[in-house]
**Q** 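Submitted below is the structure of interest, expressed as structure tokens.
For the numbers below, each heavy atom of this structure counts, side chains included, while hydrogens, waters and symmetry mates do not. Within every chain, numbering begins at 1; the chains are lettered A, B, ... in the order of the sequence lines, protein sequences first and strands thereafter.
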Amino acid sequence: MKYKDTLNLGKTDFPMRGSLPKTEPVRQQKWYDTNLYQQRLTQNENKPHFNLHDGPPYANGNIHLGHALNKISKDIIVRYKNMAGFYAPYVPGWDTHGLPIEQQLTKAGYDRKSMRKADWRNLAKDFALEQVDKQRNDFKRLGIMADWQNPYITLLPEFEAAQVRVFGEMAGKGYIFKGSKPVYWSWSSESALAEAEIEYHDIDSVSLYYANQVKDGKGVLDNDTYFVVWTTTPFTVTASRGITLGPDMTYAVIQPEGETRNFVIATGRLEAIAPLFGWENYKILATYQGQELDRITAYHPWDSETEELVMNADHVTLDSGTGLVHTAPGFGEDDFNVGMKYGLEAFVTVDEKGYMTKNAGPDFEGKFYDDVVGVVINKLKDAQLFLAKEKITHSYPFDWRTKKPIIWRAVPQWFASVEKFRQNILNELDHVTFYPEWGKKRLYNMIRDRGDWVISRQRVWGVPLPIFYAEDQTPIVDQEIINHVADLFEAHGSNYWFEHEAKDLLPDGYTNEHSPNGQFTKEEDIMDVWFDSGSSWAGVMNTRDHLDYPADLYLEGSDQYRGWFNSSLITSVAATGHAPYKNVLSQGFTLDGKGNKMSKSLGNTISPLDVADKMGIEILRLWTISVDTSQDMPVSNEILKQVSESYRKLRNTLRFLMANTTDYNVITDAVPFADRAGHDQYFSVLLNNFIKDIRQSYDNYQFNDIFKRVINFVNVDLSAFYLDIAKDVVYVEAPTGHARRSMQTVFYETLLALTKLLLPILPHTAEEVWEYLPNETLDFAYLSEMPEVQDLGNVTHLLENWSTFMSLRDAVNKALEEARGVELIGKNAEAALTLYVTSEQKALLQNLNADVRLLLMVSQLYIVDANTATADVKSYDGVLIDVKHAVGGVSPRDRMFHEDLGADEAFPELSQHEADIVREFYPEALTEGFE
RNA sequence: GGGCCUGUAGCUCAGUUGGUUAGAGCACUGUGUUGAUAACGCAGGGGUCACAGGUUCGAGUCCUGUCAGGCCCA
């Protein structure tokens with residue numbers, strides 16, 4: 001026979017390489033077929049709950065890296081919690097209403113105007129559900145454990161009904177009111193547009209400079225003073241209500257030569273603008289800061305009934321114009337915002353088709369808005385207020401479908417008054433824990449500074465605003481009626497609203513004093529989609545019995561501070577007085593390898609499904625924990641390659657542990673901690689601490705901390721030390737002997753702990769390992785429990801001793817490396833080592849309770865008194881070490897040098913110790929002999 | 001322009017309340033093994049801590065500004 005046959009070399013079929021792209025889908029299919037998600041939950045039924053509430057992705061388009069990061073992160077947390085003593089359901093969701101889906105229909109050739117709203121909505125619904133299916137399949141390929149059969153979808157009746165009830169609750173508290181606000185208005189398609197429906201082109205237009213005479217100078221300016229304002233949209237002068245100045249900008253009162261009037265203009269624009277008006281010489285009479293002129297009033301250029309208010313806002317710049325901006329709150333967003341602050345109305349003088357209304361006055365009524373420049377100029381000239389006109393070329397928004405220019409125009413809108421409960425929201429934030437901590441500040445500032453929420457949209461694909469109008473157009477916003485509508489939606493879906501008349505949507509016999517004839521109409525606007533997803537706490541957590549409100553955790557990208565974190569908080573505080581979440585975890589965005597954002601146009605995107613196909617989703621999952629997800633994360637093929645190297649190291653280490661525990665039985669062969677060899681005890685302590693640290697990192701959602709610790713543990717503690725010295729024990733010693741069993745016990749504990757601790761991150765690999773563990777009887781590793789931290793007693797001294805030893809080992813390695821350099825030895829086994837030690841060092845080595853020669857992997861070790869060292873003994877890191885070539889001969893079995901080869905006459909090539917093992921465990925060698 | 005955040009070796013990350021020559025893993029180079037072998041061990045090189053000021057006896061760590069990048073607003 002061969003000497004090799006008397007060794008216990010590792011044995012396993014577990015492949016070195018995972019072939020992940022091929023094996024993952026098969027494994028996943030098994031999870032989904034056996035409903036592993038539900039199996040695990042059922043097993044946890046009586047445990048405390050942990051509810052991670054899913055933020056719904058929008059049901060449109062292919063999944064990208066951001067989706068993958070999000071779902072993988074959630075999966076890691078949910079899997080961990082389920083294995084760590086919690087009942088942790090995960091109901092995935094989809095956001096299905098809104099503009100992008102309508103746009104997809106338009107792109108596909110459908111024309112919204114040519115069909116009934118209800119039909120258009122059915123098309124949208126079908127499209128959305130198809131997208132849900134597609135994305136669901138893609139998410140499943142990421143290996144996510146979720147209730148895929150029962151997701152929440154915002155278009156489902158139960159969700160819509162819950163959402164409408166939230167709205168009703170807010171209405172009941174008086175938070176819902178009607179106002180007016182400028183939107184992008186396309187007169188060519190007679191509808192409001194969203195940003196996404198607009199494209200920009202350069203156009204030439206006429207800009208006007210004119211003067212507004214001071215009416216009430218508040219003791220600062222006299223009535224002979226005129227504000228020089230500028231506009232690029234002449235028709236809006238008909239709706240002018242104010243003049244906006246920069247509060248910190250400087251304004252001069254000047255008198256041009258040949259003028260008796262004084263004019264106000266920003267000093268920073270004086271030189272550029274004065275020549276336009278032919279003002280070659282002028283006197284500066286005074287200068288003021290914008291804020292000093294605040295609330296002075298002026299006359300409208302021709303409408304003496306109307307006064308214009310001087311206001312201050314930061315959006316005024318010195319890039320162009322005069323530093324004084326004509327302000328028409330009905331025709332611009334900045335204008336509206338500053339007007340709101342000063343209490344101005346959003347006055348509108350253009351109808352939905354772009355024609356001036358009677359509000360504009362008789363000279364304008366009936367004219368197209370773009371044809372009135374001449375009228376405006378004439379009226380200004382008549383009033384002696386015209387200063388100059390100028391052609392400018394600038395970028396202007398156009399309707400992407402009709403290719404016609406659009407305008408800003410205020411239309412009636414429904415608002416949720418954030419102002420009324422802003423303080424409640426801010427107070428609630430004190431009860432929420434944010435990861436990272438600055439999230440609280442960010443959300444707080446946003447809530448503090450935001451205006452009221454415009455919740456209406458002039459669209460079709462969404463949840464209708466459950467509001468009616470009486471005969472005199474009085475809006476009816478009534479919680480009882482709204483709840484009645486919610487009941488109808490619960491039974492029939494929200495399309496019911498579009499398929500029925502107002503009277504069929506109101507409770508039977510409903511009357512209202514504003515409708516003497518019993519006639520009613522219904523609101524045509526729908527709700528902002530942020531109200532949909534923002535109601536998910538009600539539509540999901542409060543609707544499904546096995547979920548809890550408030551949620552333990554919301555986890556999304558940091559863009560959701562403005563989005564879902566925000567809208568959910570507002571609706572929840574408004575309706576219940578409480579935040580919908582106890583913890584909020586936000587993540588950064590994926591960037592390319594250079595730290596720039598990923599975009600299709602730059603061509604630097606990475607598709608998660610591509611990674612799954614080429615490298616395996618495990619690599620992307622491992623990447624997820626390798627980076628700091630609290631900030632932006634770089635990803636590139638190079639980075640993924642690096643991660644896959646780490647994966648291979650992990651996989652190989654697991655494989656080695658497996659290969660050397662195949663003949664180990666956890667019940668009959670386990671050696672208790674107290675009886676283990678010193679090095680095995682030491683490693684048991686390292687493992688125990690490792691378990692403690694990793695579990696803590698999971699509990700704090702410190703993903704990259706887990707990565708760092710795992711990689712270090714595997715590379716440094718396991719591979720470079722413990723597994724390296726282990727080979728001389730598990731291969732060479734008696735198969736059932738104490739030394740080997742002691743070590744195998746630790747191997748097995750390590751293998752099991754690593755497998756379980758890694759499972760939330762690398763579920764495919766963990767389950768694969770599980771199949772090679774005959775001692776484990778559960779069908780899936782996912783059904784097992786996380787390893788617990790053991791009480792190993794006081795191990796302080798043990799760790800101190802071993803830490804000192806590890807330093808000594810470093811010194812020895814350097815000495816051996818030097819000896820290798822001068823070709824004194826090749827491998828360590830060729831070395832005979834002499835350590836010159838102090839009495840403390842000697843005591844320490846004895847306390848290790850281990851064979852130090854084995855730990856240093858040399859053939860011969862002599863430990864002698866330090867003061868016997870001769871002058872030629874070298875010091876390495878302060879340790880006196882002498883390396884010589886080993887003496888005696890090499891055993892072909894353990895490949896070490898021995899001086900007692902052939903002590904057993906039957907085995908002339910073996911040492912006595914080896915011969916004893918072979919006699920006992922491989923008696924056939926006595927008859928067969930060795931080759 | 002505003003709110004929030006980031007910038008430490010080629011890469012991914014650590015660097016406690018400011019305190020000696022700035023750490024880890026990977027990658028790289030050299031080398032040993034060939035019984036973890038499309039593996040494994042050992043050793044080594046590599047950083048003016050984005051830049052510029054300031055506070056301090058002393059700053060990667062605190063302050064200010066600049067540059068670069070990200071999210072959200074305007």
**Q** Which sits closer to the 5' end of RNA chain B, A:K597 or A:N445, going by the nucleotide each is nearest to?
**A**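 Going by which nucleotide is closer to the 5' end, it is A:N445.
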**Q** Base, sugar-phosphate, or nothing: which does A:P15 touch, judged by heavy atoms less than 4.0 Å apart?
**A**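 Contact class for A:P15: none.
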**Q** Using a heavy-atom cut-off of under 4.0 Å over every strand shown, decide if A:V716 touches base, sugar-phosphate, or nothing.
**A**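 The answer is sugar-phosphate, as A:V716 gets under 4.0 Å only of primed atoms, P, OP1 or OP2.
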**Q** Between B:U33 and B:C11, how far is it from one C1' atom to the other, in whole Å?
**A**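 Between the two C1' atoms, the distance is 29 Å.
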**Q** Return the nucleotide paired to B:C71: Watson-Crick means purine N1 to pyrimidine N3 with N6-O4 or O6-N4, wobble means G-U with N1-O2 and O6-N3, both under 3.5 Å.
**A**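 Across all strands, the one nucleotide that pairs with B:C71 is B:G3.
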**Q** Do the side-chain N or O atoms of A:K649 get closer than 4.0 angstrom to the phosphate oxygens (OP1, OP2) of B:G41?
**A**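 A:K649 to B:G41 OP1/OP2: side-chain N or O found under 4.0 Å.
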**Q** Given B:G10, B:C42, B:G41, which nucleotide is nearest the side-chain atoms of A:D724?
**A**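 Looking only at heavy atoms from C-beta outward on A:D724, the closest nucleotide is B:G41.
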**Q** Considering only heavy atoms and no angle criterion, is a donor-acceptor pair shorter than 3.5 Å present between the side chain of A:R450 and the base of B:C73?
**A**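 Donor-acceptor pair under 3.5 Å: no.
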**Q** When the P atoms of B:C62 and B:U16 are compared, how many Å lie between them, rounded to an integer?
**A**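 Their P atoms lie roughly 9 Å apart.
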**Q** Give none if B:C11 has no partner; otherwise give the nucleotide forming a Watson-Crick or G-U wobble pair with it, both distances under 3.5 Å.
**A**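 Pair assignment: B:C11 / B:G25.
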**Q** Could you please name the option among B:C4, B:U34, B:A36 that lies closest to any side-chain atom of A:K441?
**A**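 Out of B:C4, B:U34, B:A36, the nucleotide with an atom closest to A:K441's side chain is B:C4.
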**Q** Does B:G41 have OP1 or OP2 under 4.0 Å away from a side-chain N or O of A:N813?
**A**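 Indeed not, no polar side-chain atom of A:N813 lies that close.
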**Q** Does a distance-only test, which skips hydrogens and angles, find a donor-acceptor pair under 3.5 Å between the side chain of A:T12 and the base of B:A36?
**A**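 It does not, because no donor-acceptor pair links the side chain of A:T12 to the base of B:A36 below 3.5 Å.
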**Q** Touch check for A:L591, heavy atoms < 4.0 angstrom, all strands: base, sugar-phosphate only, or nothing?
**A**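 Sugar-phosphate only.
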**Q** Mind checking A:S636 for me? I need base, sugar-phosphate or nothing, with any heavy atom below 4.0 Å counting as a touch.
**A**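 No contact at all - A:S636 keeps every heavy atom at 4.0 Å or more from the nucleic acid.
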**Q** When you measure only distances, ignoring hydrogens and angles, does the side chain of A:E830 come within 3.5 Å of the base of B:G32 through a donor and an acceptor?
**A**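 It does not, because no donor-acceptor pair links the side chain of A:E830 to the base of B:G32 below 3.5 Å.
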**Q** Given the C1' atoms of B:G60 and B:G19, what is the spacing between them in whole Å?
**A**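 Per the computed distance, 13 Å lies between those C1' atoms.
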**Q** Less than 3.5 Å between a donor and an acceptor, one on the side chain of A:Q642 and one on the base of B:C11, is that the case here?
**A**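 Yes, the side chain and the base share a sub-3.5 Å donor-acceptor pair.
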**Q** Between B:G32, B:C40, B:A43, which one does the side chain of A:K827 approach most closely?
**A**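 Taking heavy atoms from C-beta onward, the closest nucleotide is B:G32.
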**Q** Over all strands shown, is A:G10 touching base, sugar-phosphate only, or nothing at heavy-atom distances under 4.0 angstrom?
**A**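 No contact at all - A:G10 keeps every heavy atom at 4.0 Å or more from the nucleic acid.
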**Q** Taking a pair as Watson-Crick or G-U wobble with both distances under 3.5 Å, which nucleotide is matched to B:C40?
**A**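 Base partner found: B:G32.
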**Q** Do A:E556 and A:N70 have side-chain N/O donor and acceptor atoms under 3.5 Å apart?
**A**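 Short answer, yes.
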**Q** In the strands shown, is B:U17 matched to any nucleotide by a Watson-Crick or G-U wobble pair with both distances under 3.5 Å, and which?
**A**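 Its partner is none (no Watson-Crick or G-U wobble pair with both distances under 3.5 Å).
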**Q** For RNA chain B, whose closest nucleotide is more 5', that of A:Y3 or that of A:E823?
**A**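 Looking at the nearest nucleotide for each, A:E823 comes out on the 5' side.
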**Q** Any chance you could measure A:W623, atom CH2, to A:R621, atom CZ, to the nearest 0.5 Å?
**A**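 Interatomic distance, A:W623 CH2 to A:R621 CZ, rounded to 0.5 Å: 13.0 Å.
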**Q** Looking at B:G45, which nucleotide sits across from it as a Watson-Crick or G-U wobble partner, both distances under 3.5 angstrom, or is there none?
**A**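 Across any shown strand, B:G45 pairs with none.
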**Q** Would you call A:K708-A:D705 a salt bridge at under 4.0 Å N-O?
**A**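 Looking at A:D705 together with A:K708, the answer is yes, because their closest N to O distance falls below 4.0 Å.
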**Q** Remember a base hit wins even if backbone is also touched, and classify A:G588 as base, sugar-phosphate or nothing at under 4.0 Å, heavy atoms.
**A**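 Here A:G588 touches no strand at all.
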**Q** Do the side chain of A:R17 and the base of B:A38 come within less than 3.5 angstrom through a donor-acceptor pair of N or O atoms?
**A**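 Per atom types, the contact qualifies.
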**Q** Are any of A:Y731's side-chain N or O atoms less than 4.0 Å away from OP1 or OP2 of B:A36?
**A**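 For B:A36, OP1/OP2 do have a side-chain N/O of A:Y731 under 4.0 Å.
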**Q** Using a heavy-atom cut-off of 4.0 Å across all strands, would you classify A:Y561 as base, sugar-phosphate, or nothing?
**A**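 Counting heavy atoms under 4.0 Å across all strands, no contact is made by A:Y561.
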